[in-house]
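Along the sequence shown, the residues carry numbers beginning at 1.
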Amino acid sequence: MRAEAVSQFNDGAQSRDVDSGRTLSMSKSLAFFALSIVINSAGNVLTLVTSAKIHPSFLGAAYWSAAEANLGAAFHWNLFWAFLVLGFLTAALNAVLIHHWDWKRIAGNMAFMVPFSALIQVFADFFNGKTAVFTGLPVAHSAGMVAGYIALNFLGVALIAIAISIYQRVNLVLHPADDLMQILRFRYFKGNASRAMWASYIPPTIMAIIALLITHSFVNFGLGTVFAFLAQGGITGIADRVVFPKLKHQQVDVGK
């Protein structure tokens, strides 16, 4: 079901146009994609690192990041492999939802996952001081630092939401989790980003429960995770209107 059936979708009280075809040039698509994947990976790592720098930890990471980090710890995977393996499993779920196995779409998901997972590790090394150019974010030891890390954590969530908005509209290749959100958004929730985001959190919730059963610990969930759960979809919807506002959703395809 392509989006040509509906020329506009509702997102709260707002509406946005959807292009049934592709009106964006490949060079512009690649530029938007490159920008958004850097923003997304930096935002994800900000939520993870700031959560780890406060003791006792209460911040938490973005919802998917928290679940993937927990399951990665349960199976002794680093962030690269945790994000890559769980991304593939989500891509398989997407195939179920659109009622057919689209190898081109799966390849696109994986094409997204490889540089994204690599950038996650790069930013993790940077913010944790494992590079020669930066000593890393220090552990919080004052109320001011805690407040600053809360702000950085929320900023990370906002960066993720903005990046999702950009590359969903470009729709060149998508992270499997964001492809899931887009399928839910246009197939089941009439374009409402917030409701689609909440529904897309069911798989990471299952991941987190599995990790809890294995490790009997629950880390990277907290205030920032709650903020991500409540606000990330809404921020994505707002970003659709205010970040590159002339950029329309390109060639949306959510199955038959």
Verdict with supporting geometry, Ser165 and Asp240, side chain to side chain donor-acceptor pair (under 3.5 Å): CA-CA 6 Å; Ser165 167; Asp240 283 351; 2.6 Å; yes
If you count every heavy atom of other residues, nucleotides or ligands that lies below 6.0 Å from Trp101 atom CH2, does the total exceed 12?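 Atom CH2 in Trp101 is crowded, with more than 12 foreign heavy atoms closer than 6.0 Å.
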Please say whether more than 12 non-hydrogen atoms of neighbouring residues, nucleotides or ligands are located less than 6.0 Å from CZ in Phe88.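 No, CZ of Phe88 has 12 or fewer neighbouring heavy atoms, counting only those of other groups under 6.0 Å.
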When clusters are formed by joining ILVMFWY residues with side-chain heavy atoms under 4.5 Å apart, either directly or through shared neighbours, do [X] and [Y] land in the same one?
X: Val122; Y: Ile120; answer: no
X: Val85; Y: Ile209; answer: no
X: Ile162; Y: Val242; answer: yes
X: Val49; Y: Leu152; answer: yes

Under a 3.5 Å distance rule, please check whether [X] uses its side chain to pair with a backbone N or O of [Y] as donor and acceptor.
X: Asn171; Y: Gln250; result: yes
X: Asn153; Y: Thr50; result: no
X: Arg185; Y: Gly191; result: yes
X: His141; Y: Val139; result: no
X: Lys53; Y: Tyr149; result: no
X: Asn128; Y: Ala124; result: yes
X: Ser41; Y: Val38; result: yes
X: Thr135; Y: Gly129; result: no
X: Arg195; Y: Phe189; result: no

Any side-chain heavy-atom pair from [X] and [Y] closer than 4.5 angstrom?
X: Leu223; Y: Phe154; value: yes
X: Phe75; Y: Ile214; value: yes
X: Met26; Y: Leu172; value: yes
X: Phe116; Y: Asn44; value: yes
X: Thr236; Y: Met197; value: yes
X: Phe123; Y: Leu46; value: no

Taking ring-ring contact (aromatic ring centres under 6.0 Å, His included) as the criterion, tell me which of Phe186, Phe244, Tyr167 meets it with His249.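 Single ring-ring contact (aromatic ring centres under 6.0 Å, His included) partner of His249 among Phe186, Phe244, Tyr167: Phe186.
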What is the distance from atom [atom1] of [X] to atom [atom2] of [Y], rounded to the nearest 0.5 Å?
X: Asn94; Y: Asp178; atom1: CG; atom2: CG; answer: 10.0 Å
X: Asn109; Y: Asp179; atom1: CG; atom2: CG; answer: 5.0 Å
X: Thr47; Y: Leu155; atom1: OG1; atom2: CG; answer: 10.5 Å
X: Ile37; Y: Leu174; atom1: CD1; atom2: CG; answer: 10.5 Å
X: Leu230; Y: Trp198; atom1: CG; atom2: CH2; answer: 7.5 Å
X: Leu184; Y: Leu97; atom1: CG; atom2: CG; answer: 6.0 Å

Set out, in order, the CA-CA distance, both residues' side-chain angles and the distance that settles side chain to side chain contact (heavy atoms under 4.5 Å, CB included) for Trp64 and Leu180, then state yes or no. CA-CA 12 Å; Trp64 274 90; Leu180 170 62; 4.1 Å; yes
For residues [X] and [Y], report the shortest heavy-atom separation together with the two atoms involved.
X: Gln232; Y: Ile160; value: NE2-CG2, 3.7 Å
X: Ile54; Y: Phe58; value: CG2-CE2, 3.4 Å
X: Met207; Y: Leu86; value: SD-CD1, 3.8 Å
X: Pro203; Y: Leu93; value: CG-CD2, 3.7 Å
X: Ser57; Y: Ser51; value: OG-O, 3.1 Å
X: Ser217; Y: Asn70; value: O-OD1, 4.0 Å

